[in-house]
Amino acid sequence: RLDGLTQEDVEGADLGGELACSFSTGDEQPILLAMGIVASEEPARGIVQVAGYVEDVTAPGGFDGMLDDPTFTGQGKTINIVLTGEATEGGESPPRPATLTYERADGASRTFEGEWQCGP
């Protein structure tokens with residue numbers, strides 16, 4: 001299970017990076033938050049809350065690598081984001097419809113429908 005990230009979870013994470021991306025299911029709190037550096041080979045770093053525990057995930061390619069269908073990996077997990085439509089709003093960093101598929105090492109998986117938003 002993936003739970004919403006609290007402000008304390010975010011403040012306690014050392015994500016670094018210049019710009020962020022997040023996946024939300026319509027609730028107030030995102031279930032994945034990641035930050036990366038533009039035009040960098042340094043991986044983007046993110047967090048998810050799995051069954052009450054905040055865990056780290058990474059995706060290759062910095063911020064730019066998170067823009068279109070990124071894959072995050074962490075201890076015993078893979079998280080795939082697949083964009084499913086065009087931006088739903090205007091502006092500099094509009095949300096886009098997407099699915100998040102969380103796959104555990106034991107083969108279990110769960111898919112969430114929501115929005116992927118990247119930018120400042």
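Index from 1, following the sequence.
In this view, Ala105 satisfies the side chain to side chain contact (heavy atoms under 4.5 Å, CB included) rule with no residue, not counting sequence neighbours. Residues that satisfy the salt bridge (Lys or Arg N to Asp or Glu O under 4.0 Å) test with Asp68, not counting sequence neighbours, are Arg96.
A disulfide (SG to SG under 2.5 Å) check over residues 56-98, counting only residues at least two apart or in different chains, returns nothing. Counting only residues at least two apart or on different chains, no disulfide (SG to SG under 2.5 Å) pair has a member in residues 30-79. Residue pairs meeting the salt bridge (Lys or Arg N to Asp or Glu O under 4.0 Å) criterion with at least one partner in residues 2-25, sequence neighbours excluded, are Arg1-Asp3. Counting only residues at least two apart or on different chains, no disulfide (SG to SG under 2.5 Å) pair has a member in residues 70-111. For residues 28-112, there are no disulfide (SG to SG under 2.5 Å) pairs, not counting sequence neighbours.
Scanning both residues, Phe23 and Thr99, for their nearest heavy atoms gives CE1-C, 4.0 Å. Residues Ala39 and Asp64 come closest through the heavy atom pair N-OD2, 2.8 Å. Heavy atoms only, all atoms of each residue included: Pro30 and Ser22 are closest at CB-CB, 4.0 Å.
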Tell me which donor-acceptor pairs under 3.5 Å the side chains of residues 109-120 have, and how far apart each pair is, sequence neighbours excluded?
unit_1: Thr111; atom_1: OG1; unit_2: Thr101; atom_2: OG1; d: 3.3
unit_1: Glu115; atom_1: OE2; unit_2: Thr88; atom_2: OG1; d: 3.4
unit_1: Trp116; atom_1: NE1; unit_2: Met66; atom_2: O; d: 2.9
unit_1: Gln117; atom_1: NE2; unit_2: Ser93; atom_2: O; d: 2.7

Enumerate, atom names and distances included, each donor-acceptor pair closer than 3.5 Å involving a side-chain atom of residues 72-81, sequence neighbours excluded.
unit_1: Lys77; atom_1: NZ; unit_2: Glu55; atom_2: OE1; d: 2.5
unit_1: Lys77; atom_1: NZ; unit_2: Gln75; atom_2: O; d: 2.8
unit_1: Asn80; atom_1: OD1; unit_2: Thr71; atom_2: OG1; d: 2.8

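A heavy-atom distance below 4.5 Å is not found between the side chains of Thr25 and Leu2.
Exactly one residue among Val50, Ile31, Val48 makes a side-chain contact (heavy atoms from CB on, under 4.5 Å) with Tyr102. That residue is Val50.
Atom CG in Leu32 sits 9.0 Å away from atom SG in Cys21 (nearest 0.5 Å).
Cluster note: Val54 groups with Leu5, Val10, Leu15, Leu33, Met35, Ile47 through ILVMFWY side-chain heavy atoms spaced under 4.5 Å, whether in direct contact or through intervening members.
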